[in-house]
There are 2 protein chains.
Amino acid sequence: MPNVPGAKLKDVAALAGVSVGTVSNVLNRPEQVSPDKKSRVLAAIDQLGFVRNESARSLRSGSTRSLGMLVLDVRNPFFTDVALGAENVAEAHKHSLILANSAEDSGRELAYLDLFEQQRVQGVLITPFGQVLQRLETMRSRGIPSVLVDRLARNDQFCSVSVDDVAGGATALTHLLDAGSVRPAFVGGPFTLQQVEDRYQGAADAAARAGVSLQLFETPDLKFERGRQIGDLISNLQPAKRPDAVFAANDQLALGLLQSFAANELRVPEDIAIVGFDDIDFASQSSIPLSSISQPRHLIGERAAELLFDEIDNAEEHVHSQVVFTPELVARQSTRRH
Amino acid sequence: MPNVPGAKLKDVAALAGVSVGTVSNVLNRPEQVSPDKKSRVLAAIDQLGFVRNESARSLRSGSTRSLGMLVLDVRNPFFTDVALGAENVAEAHKHSLILANSAEDSGRELAYLDLFEQQRVQGVLITPFGQVLQRLETMRSRGIPSVLVDRLARNDQFCSVSVDDVAGGATALTHLLDAGSVRPAFVGGPFTLQQVEDRYQGAADAAARAGVSLQLFETPDLKFERGRQIGDLISNLQPAKRPDAVFAANDQLALGLLQSFAANELRVPEDIAIVGFDDIDFASQSSIPLSSISQPRHLIGERAAELLFDEIDNAEEHVHSQVVFTPELVARQSTRRH
DNA sequence: GTTCACAAATGAATCGATTCATTACAAAGG
DNA sequence: CCTTTGTAATGAATCGATTCATTTGTGAAC
């Protein structure tokens, strides 16, 4: 057996015949150690299989090299992509990212914030679900700043990175009109979700500007099943009353609509065009590739992490800023001009 | 401002007029503290906004309440589902799960194992990518056991939780034959992936037993794009030579095939049936719902975490075991009997 | 009133790495 | 030969919570 279970710094020092301070220097300021001792220490580390104890390290230094990230739903590819972007930046700063899932549950959300605080993470990236802004303020007063992700900070108390959903909604509807729609509809809800509200607002404005009315199908959620249900409802309308194009508040809904229309033998886009929102991978992968509004997921995570590091590193001079990306249309077959 | 930035246990003790030991007791063995002092301590904790320092805690106690989980690809819903299952169990044991992404990169894989070791996690759940078994042995010798996930441990050195891919392959092919196929094909690769090899083997055996030959389309990867490419190739074959059913090694490939067949105006399942593997959410959500072989993702994560805790809690009596789940067919429209 | 049993509370020692004031030593300058 | 300057190395003090051997306090039993 080449290595001993619990080798600690002291053991390394003993084996190498140097002081603990020197071993620590080899680890943290190698340039200050003579080559001779350095190599002896490294050999000892290797021989003992010494692994630094991160708990002791961060207890003494008072800081952990980690960020906490709390998202609404890890199963949603949108959030994993954002997280990957953030992780890249964290890695560049030699930090690690602890990813947690609030699963749209206020209790879990608070529990994870507690955990982050106990673990003394350097900062938090969060897509808030419940009423946590006050709590985040408190955390900042204790030295743990946070950045809001996929949510606009309205009061300048936080940095935030979000997407202009109003613009996205307008883009989507304009695209449908350009493709020849004269009876467009919006499918989505609940309107208590800011994103839904904004996307609808943008679409409604665009319709109004074009002098077209926008039919509304309000839904209690944004799930696939709901899309299929609304799709069946729409399919059963008389052709003259039926929308000739639908803007769905997200891709899940849109895919549900698509499946329903296929089952009801409506042709997409000839009988009815569809545009979704988010541009998830599967948008391009359905039998009829789905047009969608695409968000720069990776960039969102990167920018958020960068803002967070700015606040961590320069708490004094740091000024909160709101980054708002403009989402882009990706036109595919589901809206091909007739 | 109701609370002080860095309140520590000593401050709480001072404010409550008790010793540090008593505060610690309130936190860790409340039943040993008189109600009177207990309430004073709790009030002080509240007033100061005291938050336990996890680093100090685990330095002293020698153990962290956390598990590490290292998966091949966090973007793959299969792994997030497995992780959620594991997290449930971890939570029940009052542990937290640190999720990391090796992204099919040996370097990252090793780096994260280092990190886990530095953080002194109690154990590791891993879907190995590179040659890490030796490394995992070393980690166990230093007190950090691990369980293999979605990978069979062949040598009894580890616990493992996996799925019987051979049986799954046989189930898939049998289903196609039952649905009337006489010229089935297998699409997938590379065969260096054990899963692909096993799924093919199961299918080939089932075909042989039925006295039918199984055509093979080998691919260099399992991505959507590849499926579309092979789909185009198959669509251009003469009808008499064309397979009348395809078993794809995973759902991504299957969805690619489906999109290609739709674009080439082949009818599914009338002209060609399709069955995939994994039963990802989108399998049921494509325009033509896809039949697939479903794995108990959640259960895989739960069992793996349970085995890990068994080894953590009873290192002595623990006996390694291999849990192998049998995957199940979910028949949908893409294989409806003609 | 003394002794005993038991519960409650105490606080010094501890975990392991880091830090920094101090010491040791060598080379250069006078 | 002595002083100065600078580089290397040292090791005791420290971070904050936990633990456990010890002390204090209370009531019961005799």
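So that the names make sense, note that chain A is the first sequence line, chain B the second, and so on, each numbered from 1.
B/Asn53 has no side-chain polar atom (N or O) that falls below the 4.0 Å cut-off from OP1 or OP2 of D/dA17. Contact check, B/Ser61 against D/dT18: no side-chain N or O comes under 4.0 Å of OP1 or OP2. In terms of phosphate contacts, B/Ser34 brings a side-chain nitrogen or oxygen within less than 4.0 Å of OP1 or OP2 of C/dA9. A close approach under 4.0 Å does occur between a side-chain nitrogen or oxygen of A/Arg29 and OP1 or OP2 of C/dT19.
Across the protein-nucleic acid pair, A/Gln118 atom CD and D/dG16 atom P stand 16 Å apart, rounded to whole Å. One interatomic measurement links the two molecules: CG of B/Asn28 to C1' of C/dA9, which rounds to 15 Å at whole-angstrom precision. Put simply, CZ on A/Arg57 is 13 Å from C1' on C/dT19, counting in whole angstrom units. Here C/dT19 presents its P atom at 19 Å from NZ of A/Lys10, a figure rounded to the nearest Å. To the nearest angstrom, P of D/dA17 lies 11 Å from CD of B/Glu54. One atom, CZ of B/Arg52, and another, P of D/dA17, lie 9 Å apart when rounded to the nearest Å. Rounded to an integer number of Å, the gap from CD1 of A/Ile45 to C1' of C/dA17 is 12 Å. One can place NZ of B/Lys38 at 10 Å from P of C/dA8, the figure rounded to the nearest angstrom.
Listed candidates were C/dA9, D/dG11, C/dA17. Nearest to the side chain of A/Phe50 is C/dA17. When the nucleotides D/dT18, C/dT10, C/dG16 are ranked by their closest atom to the side chain of B/Val20, D/dT18 comes out on top.
The residue from B/Val161, B/Leu70, B/Val82, B/Leu308 that alone fulfils the side-chain contact (heavy atoms from CB on, under 4.5 Å) condition with B/Val149 is B/Val82. Under the side-chain contact (heavy atoms from CB on, under 4.5 Å) test applied with A/Val41, the options A/Asn25, A/Leu27, A/Val18 reduce to a single match, A/Val18.
Toward the 5' end of DNA chain C, the nearer of the two residues A/Gly21 and B/Gly17, judged by each one's closest nucleotide, is B/Gly17. Between B/Asn25 and A/Lys37, the residue whose closest nucleotide on DNA chain D is further toward the 5' end is A/Lys37. The residue among B/Ser19 and B/Ala56 whose nearest nucleotide of DNA chain C lies closer to the 5′ end is B/Ser19.
Counting non-hydrogen atoms under 4.0 angstrom, B/Val23 reaches nothing in the nucleic acid.
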Going through the distances and angles, do A/His320 and A/Asp156 end up as a side-chain hydrogen bond (donor to acceptor under 3.5 Å, both in side chains)?
CA-CA 6 Å; A/His320 295 315; A/Asp156 269 23; over 6 Å; no
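At a cut-off of 3.5 angstrom, the base of C/dT14 holds at least one donor-acceptor pair with the side chain of B/Arg60.
Listed here is the closest heavy atom pair of B/Glu109 and B/Gly130: OE1-N, 2.8 Å.
For the atom pair CD1 of A/Ile312 and NE2 of A/His95, the computed distance is 6.0 Å after rounding to the nearest 0.5 Å.
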